[in-house]
There are 2 protein chains.
Amino acid sequence: MNMELYKSFYYTAKYGNISKASEHLYITQPAVSRSIKQLEEELKCPLFFRTSKGVILTPEGEILYQYVDQAFSFITTGEKKISDVKNLLYGEIRIGVSDTLCKHYLIPHLKLFNTLHPAIKIHVICPTTPGIINLLKSGKIDFGIINLPYNDEQLNFKSIMEVQDCFVTGQKYKSLSRKAQPLSTIIQHPLLLLEKNSNSRLFIDQYFKTNSVSVIPDFELGNIDLLVQFAKYDFGIACVIKNFVEEELEKGRLFEVKPIEKIPSRHIGVTWLKNVPLSPAAKEMISNLEYFETTEF
Amino acid sequence: MNMELYKSFYYTAKYGNISKASEHLYITQPAVSRSIKQLEEELKCPLFFRTSKGVILTPEGEILYQYVDQAFSFITTGEKKISDVKNLLYGEIRIGVSDTLCKHYLIPHLKLFNTLHPAIKIHVICPTTPGIINLLKSGKIDFGIINLPYNDEQLNFKSIMEVQDCFVTGQKYKSLSRKAQPLSTIIQHPLLLLEKNSNSRLFIDQYFKTNSVSVIPDFELGNIDLLVQFAKYDFGIACVIKNFVEEELEKGRLFEVKPIEKIPSRHIGVTWLKNVPLSPAAKEMISNLEYFETTEF
DNA sequence: TCATAGATATAACCTGCCTTTATAACAGAT
DNA sequence: ATCTGTTATAAAGGCAGGTTATATCTATGA
């Protein structure tokens with residue numbers, strides 16, 4: 001059954017007038033006239049009484065119209081929703097992000113995004129980096145926020161923030177912060193590092209390796225907040241992202257222990273599937289991420 | 001927006017596979033492929049992820065599909081309803097008919113029709129003959145059942161039963177029933193006739209006029225049942241339709257007074273608008289009417 | 001690693017349907 | 001009687017959309 005015929009039927013029924021319908025359809029009257037005739041033939045059923053003032057639905061036409069009318073309003077709302085999606089008036093974004101980045105980077109940003117686009121629903125899930133990659137590839141999230149570098153053929157990456165790792169400590173080892181220390185000195189103190197499954201830990205391990213030191217941390221913790229807490233309570237020297245502890249350093253609650261061998265800076269990035277187009281909402285959020293300033297503790 | 005595109009979209013989404021969709025649409029795969037592309041262009045929005053195993057709806061496509069799916073099932077049920085109407089599995093019939101014809105002719109027929117077509121709703125309205133004509137012309141009823149003859153350019157008529165008027169009486173005037181009486185004798189007794197607004201009354205008045213008698217009835221009643229009751233209670237001689245009082249005559253509760261001047265037979269007929277096609281259900285009922293036997297009191 | 005199967009995309013061609021044009025027929029209204 | 005607005009009909013023509021042929025991609029299995 002040709003759906004185009006129903007378009008003629010719909011407008012003709014709506015206006016009770018084939019000529020009016022043809023105007024709204026931007027085609028000529030005979031075209032509509034014939035479409036209706038064709039529909040009537042295919043349904044084997046007259047749908048309109050023809051009069052000299054227009055047309056009137058037959059009882060059968062009336063019945064059909066009830067359904068066709070509904071059908072068309074569904075199509076129309078469907079199209080409206082799609083246009084809303086494009087205009088960020090409707091939609092949802094699913095984000096995968098680690099605990100730390102969620103707290104220190106994403107949350108403040110989400111707050112802004114939400115005030116700009118209140119109709120967009122946002123889901124956040126906080127697994128490890130490999131978990132994020134899996135969720136991405138199985139289509140469960142739109143994009144992930146991870147620590148770079150990361151290599152994957154199927155993924156796009158975009159740096160959204162440059163971060164600098166650093167060593168921090170509490171009162172007990174404050175003296176070390178007076179001047180830069182050789183890495184070999186630093187590692188003689190108790191060390192607080194992230195757990196082995198994190199990308200950040202891989203990065204810092206690489207740094208130790210590059211500088212030919214072998215490290216066995218005294219504590220391996222799940223996120224930066226815990227590292228900071230342990231450092232404050234003088235359990236040792238923690239390796240954390242400096243950008244996220246600036247306030248603690250300024251207010252003298254933590255002290256930076258600078259190694260002579262500089263830790264290279266690295267990047268936080270957003271990543272998404274190459275072969276899958278992003279939704280307009282996700283695109284919008286990603287494009288905003290890079291311009292956004294992180295906040296402190 | 002071209003509705004045909006949604007047909008391709010619908011089947012492709014349903015089967016997650018453009019090739020499968022093309023089979024169901026009885027067109028080739030590139031045709032469907034292009035239709036979808038066109039729809040995506042018109043909505044300015046990708047609707048499917050293409051994979052090597054088929055296609056998967058994008059989030060926007062998913063949203064659209066919810067609406068399109070609904071729309072299509074409305075169209076489908078609409079078409080189903082129309083087919084039901086044709087097969088007398090759905091529909092309604094609105095009938096205009098006088099009290100008397102309703103009781104003695106129509107009701108028994110409706111009972112049969114209803115057992116044959118239980119899904120058809122039937123509305124009966126019982127106005128006078130002019131009322132029936134008005135309802136017809138204003139589209140409020142599908143057909144009327146009236147006493148013929150009746151003349152109207154806009155109407156079709158079809159005789160469905162031949163009826164014979166007759167004079168009947170109770171015990172009091174029983175003696176008149178022994179042999180045929182001259183009309184002049186009959187009218188010297190109290191007469192019971194229908195009210196002046198009825199077609200039947202016009203007919204019998206015409207009969208009196210033809211036979212050059214002038215009649216002033218003692219009672220003018222609204223329907224045949226009342227005439228029969230009054231006759232039984234010896235109020236006089238009633239003029240009624242013989243077909244509807246056969247049982248009363250047989251059982252000796254009424255007696256026929258035969259006039260020498262025979263009353264011409266007349267017809268009950270069904271009438272409907274010329275320029276408006278009848279619904280299948282109405283057509284079916286009308287075609288059955290003529291074959292149906294009337295019942296007695 | 002290569003070949004295969006099954007999916008979609010692309011390009012060119014061409015056909016048939018649908019639109020347009022032009023006209024008739026009809027009903028009300030002026 | 002004429003004019004206006006309605007639908008129906010017939011003929012002609014153009015283009016939307018279908019077909020054919022081919023490319024490309026990706027899993028899958030030998």
Side-chain angles (χ1 to χ4, degrees), chain A residues 1-42 45-58 61 136-139 152-155 273-277, chain B residues 1-43 45-58 61 137-139 152-155 273-277:
Chain A
M1 171 60 62
N2 187 335
M3 288 297 138
E4 281 297 278
L5 299 183
Y6 281 111
K7 224 162 67 181
S8 290
F9 171 75
Y10 174 71
Y11 281 101
T12 303
K14 192 168 169 183
Y15 297 107
N17 188 307
I18 294 184
S19 305
K20 290 262 164 54
S22 72
E23 288 168 25
H24 285 265
L25 288 162
Y26 302 103
I27 55 180
T28 57
Q29 170 265 317
V32 180
S33 200
R34 224 180 62 159
S35 291
I36 287 170
K37 196 178 175 189
Q38 195 180 334
L39 187 61
E40 289 179 322
E41 275 164 13
E42 291 188 24
C45 178
L47 298 170
F48 293 101
F49 304 140
R50 273 72 165 177
T51 79
S52 66
K53 321 191 81 164
V55 294
I56 300 166
L57 285 166
T58 60
L136 258 184
K137 292 187 179 174
S138 61
D152 194 311
E153 268 302 304
Q154 298 177 48
L155 303 179
L273 284 174
K274 266 181 182 164
N275 60 353
V276 166
Chain B
M1 172 59 63
N2 187 334
M3 287 298 138
E4 280 298 278
L5 300 183
Y6 281 111
K7 223 163 66 181
S8 290
F9 171 75
Y10 174 71
Y11 281 102
T12 304
K14 192 168 168 183
Y15 296 108
N17 187 308
I18 293 184
S19 305
K20 290 262 164 53
S22 72
E23 288 168 25
H24 284 266
L25 289 163
Y26 302 105
I27 55 179
T28 56
Q29 170 263 318
V32 179
S33 201
R34 221 176 58 167
S35 291
I36 287 170
K37 195 178 176 191
Q38 196 181 333
L39 186 62
E40 290 178 322
E41 275 164 12
E42 290 187 24
L43 295 175
C45 178
L47 298 170
F48 293 101
F49 305 140
R50 275 70 165 177
T51 79
S52 65
K53 322 191 82 164
V55 294
I56 299 166
L57 285 166
T58 60
K137 292 186 178 172
S138 61
D152 194 310
E153 267 304 303
Q154 298 177 48
L155 301 179
L273 284 175
K274 267 182 180 162
N275 60 354
V276 167

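Numbers restart at 1 for each chain; the letters A, B, ... are given by sequence-line order, proteins then strands. No hydrogens, no waters, no symmetry mates; every other heavy atom, side chains included, goes into these values.
- Between A:Arg50 atom CZ and D:dA8 atom P there is a gap of 4 Å when expressed in whole angstrom units.
- The phosphate of C:dT8 (OP1 or OP2) has a side-chain N or O of B:Ser19 nearer than 4.0 angstrom.
- Residue A:Lys37 contributes atom NZ, which lies 16 Å from atom C1' of C:dT19 at whole-angstrom precision.
- Between A:Ser33 and the phosphate of D:dA8, there is a side-chain N or O to OP1/OP2 separation shorter than 4.0 Å.
- For the pair A:Met3 CE and C:dC18 P, the computed distance is 14 Å after rounding to whole Å.
- Relative ring orientation between B:Tyr11 and B:His24 is described as parallel, the plane-to-plane angle staying below 30° on a 0-90° scale split at 30° and 60°.
- Between A:Lys20 atom NZ and D:dG5 atom P there is a gap of 10 Å when expressed in whole angstrom units.
- We find that CD1 of A:Ile56 is positioned 14 Å from P of D:dT6, with the value rounded to whole Å.
- What separates CD of B:Glu41 from P of C:dA9 is a distance of 12 Å, to the nearest Å.
- Per the geometry, OH belonging to A:Tyr26 stands 18 Å off C1' belonging to C:dT20, to the nearest Å.
- Contact annotation: A:Asn2 side-chain N/O to C:dC17 OP1/OP2 distance is not under 4.0 Å.
- Within the 4.5 Å cutoff, no side-chain heavy atoms of A:Ser22 are placed close to those of A:Thr28.
- Side chain of B:Ala31, nearest nucleotide from D:dT19, D:dT6, C:dT20: D:dT19.
- A:Phe48 places none of its side-chain heavy atoms less than 4.5 Å from the side chain of A:Thr58.
- Picking from D:dG18, D:dG17, C:dT20 the nucleotide with the shortest atom distance to the side chain of B:Ile27 gives D:dG18.
- Side-chain N/O atoms of A:Gln29 and base N/O atoms of D:dA8 include a donor-acceptor pair closer than 3.5 Å.
- Across all strands shown, A:Glu4 has no heavy atoms under 4.0 Å from either base or sugar-phosphate atoms.
- Residue B:Ser52 places no side-chain N or O under 4.0 Å from the OP1 or OP2 atom of D:dA27.
- Counting only distance, with no hydrogens or angles, the side chain of A:Lys7 and the backbone of B:Met1 share a donor-acceptor pair below 3.5 Å.
- Side-chain contact between A:Val55 and A:Asn17 is absent, with no heavy atoms from C-beta onward closer than 4.5 Å.
- Remark: B:Lys53 is not in phosphate contact with C:dT8, judged by side-chain N or O atoms under 4.0 Å from OP1 or OP2.
- Atom CZ in B:Arg34 sits about 14 Å away from atom P in D:dT20, given to the nearest Å.
- Side-chain N/O atoms of B:Asn17 include one lying less than 4.0 angstrom from OP1 or OP2 on C:dT8.
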